[in-house]
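What you see is a predicted model; the values in this text were computed from it and never measured.
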2 protein chains.
Amino acid sequence: MSRFLSNATNRIDAKGRVSVPASFRSVLSERGIQELYCLQDFIFPAVSVGGPDLLDRYERQIASADPFSPEANRMSLLVHGGGVFMRLDAEGRLMVTDFIRDFTGISSEVTFVGRSDHFQLWQPQAFHEAQAAAREGRLGLRSL
Amino acid sequence: MSRFLSNATNRIDAKGRVSVPASFRSVLSERGIQELYCLQDFIFPAVSVGGPDLLDRYERQIASADPFSPEANRMSLLVHGGGVFMRLDAEGRLMVTDFIRDFTGISSEVTFVGRSDHFQLWQPQAFHEAQAAAREGRLGLRSL
DNA sequence: GCTTCTCCCATTGACGCCCATATGGTCCCA
DNA sequence: TGGGACCATATGGGCGTCAATGGGAGAAGC
């Protein structure tokens, strides 16, 4: 298995912490990830979380683009300027910082969304809407 | 090679579990499937269930696109963010989670529907309507 | 000094694992 | 051919374990 899959919604406590789902934590430990790298998604109002390899992937993507293109410029601004390192506490919780709240609209609950090699933090309602929209977009295309 | 065929309706017990029909279970064990991958159908209000190979098929589809494209991002949101791995208990039952209930409308009974290489979970009434509609050559979409 | 973060422990509620019972079908034998 | 024993499946429920959550106290920073 060993990939981030499925979604779960957890509550933020009075101190601003939220438990990362156990299934995600086991993937993290399997992969030996201790430092989490967080950055804003390019399309959705969500924060992506993964190991340092996540940063590597984005840097390769930027490197592969024309370095003077607006696209590469914009990506670098988000990846290098917007990225944050975080750690979990002993119980597997992370602090929901203002950086996360402002970009995602998260206030009292966090939806954790698996994305195979990383996972994301969403405001629950926004996640449901985005998923519904993505499904609509596929209607009309042939399904597998 | 045996396939998932026919349909059967079973009751959900007080703890939210439901028995997978024995004929489906024997197909699962023949194929050596122990971990079940579940995903919302793209067209019908039903949840598809199959082996990890089901997920592999979708991932190949995603991999064929530019990994940073909006299209791949949306697809991953559905396949990774909406998919779940599940296991059967010792008696061959699975938990009917809110994820399944919300999408299918299932409350007290589950109709298992064979689809050759996978099977689906339906709300009984919705299944009958969709099948009747299919007989008439229509697409039996209920409003979700 | 006060606030903010980290480490630690307590509670509780959900889920997995186990065993018990019911129900319906099949096979064997009279 | 009808009755009964046997078996497999579906279903019900107890109980232990672990994850999610809440809160206290010490450490570090402003």
Side-chain angles (χ1 to χ4, degrees), chain A residues 1-2 4-30 33-36 38 49 84-102 106-114 119-124 127, chain B residues 2 4-30 33-38 47 49 84-102 106-114 119 121-124 127:
Chain A
M1 188 212 196
S2 194
F4 299 101
L5 211 64
S6 158
N7 65 85
T9 301
N10 287 340
R11 210 167 319 148
I12 300 177
D13 69 17
K15 295 182 176 181
R17 304 170 299 183
V18 66
S19 293
V20 174
S23 61
F24 287 7
R25 294 206 305 264
S26 70
V27 175
L28 289 175
S29 74
E30 257 182 57
I33 297 175
Q34 296 190 349
E35 250 190 340
L36 298 176
C38 312
V49 182
V84 173
F85 276 107
M86 291 191 130
R87 293 184 56 221
L88 301 184
D89 69 11
E91 286 74 35
R93 292 182 280 200
L94 59 82
M95 285 290 303
V96 182
T97 61
D98 285 341
F99 159 71
I100 294 173
R101 294 176 191 265
D102 292 344
I106 287 170
S107 59
S108 63
E109 288 193 326
V110 180
T111 297
F112 292 82
V113 180
F119 63 90
Q120 294 185 318
L121 312 180
W122 285 71
Q123 195 273 329
F127 172 63
Chain B
S2 55
F4 297 103
L5 280 180
S6 170
N7 68 84
T9 301
N10 287 340
R11 205 171 326 143
I12 299 176
D13 68 19
K15 294 168 84 170
R17 303 169 300 184
V18 65
S19 293
V20 174
S23 62
F24 287 6
R25 293 207 305 265
S26 69
V27 175
L28 288 174
S29 73
E30 257 182 55
I33 297 175
Q34 296 191 347
E35 274 200 314
L36 299 176
Y37 173 69
C38 310
V47 170
V49 182
V84 182
F85 271 118
M86 294 190 120
R87 299 181 66 93
L88 302 184
D89 69 12
E91 287 73 34
R93 291 179 285 197
L94 59 82
M95 283 289 304
V96 183
T97 59
D98 286 342
F99 151 72
I100 294 174
R101 294 175 191 266
D102 293 344
I106 287 170
S107 59
S108 63
E109 288 192 327
V110 180
T111 296
F112 293 81
V113 180
F119 63 88
L121 313 179
W122 285 73
Q123 196 273 328
F127 171 64

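We find that CG of B:Leu94 is positioned 14 Å from C1' of C:dC15, with the value rounded to whole Å. Computed from coordinates, the A:Glu91 CD to C:dA10 P distance equals 12 Å when rounded to whole Å. Atom-to-atom, CZ of B:Arg11 to P of C:dT21 comes out at 19 Å; the value is rounded to the nearest Å. Here the P atom of nucleotide D:dC18 and the CZ atom of A:Phe24 are 21 Å apart, to the nearest Å. Between B:Asp13 atom CG and D:dT9 atom P there is a gap of 18 Å when expressed in whole angstrom units. The distance from atom CD1 of A:Ile12 to atom C1' of D:dG22 is 15 Å, rounded to the nearest whole Å.
Within a 6.0 Å sphere centred on CD of B:Gln34, other residues, nucleotides and ligands contribute 12 heavy atoms or fewer.
Using a 4.0 Å heavy-atom criterion, one finds that B:Val20 contacts the sugar-phosphate atoms exclusively. Residue A:Ala90 is classed as having no contact, given no heavy-atom separation below 4.0 Å to the nucleic acid. At the heavy-atom level, A:Asp89 lies nowhere under 4.0 Å from the strands shown. Within 4.0 Å of B:Arg25, counting heavy atoms only, lie sugar-phosphate atoms of the nucleic acid but no base atom.
Donor-acceptor pairing under 3.5 Å, judged by distance alone, is absent between the side chain of B:Arg17 and the base of C:dG16. No N or O donor and acceptor, one from the side chain of B:Arg93 and one from the base of C:dG16, sit under 3.5 Å apart.
Among all heavy-atom pairs drawn from B:Arg101 and B:Ile12, the shortest one is NH2-CG2, 4.0 Å. The two residues A:Gly92 and A:Arg25 have their closest heavy-atom pair at CA-CD, 3.5 Å.
Using a 30° and 60° split on the angle between ring planes, B:Phe119 and B:Phe24 fall in the tilted class, from 30° to 60°.
In this structure a side-chain-to-backbone donor-acceptor pair under 3.5 Å is missing from B:Asn10 to B:Val18.
A residue-by-residue look at A:Thr9 and B:Pro21 shows that B:Pro21 has its nearest nucleotide of DNA chain D further toward the 5' end. Comparing A:Leu88 and B:Lys15, the nucleotide of DNA chain C nearest to each residue sits closer to the 5' end for A:Leu88.
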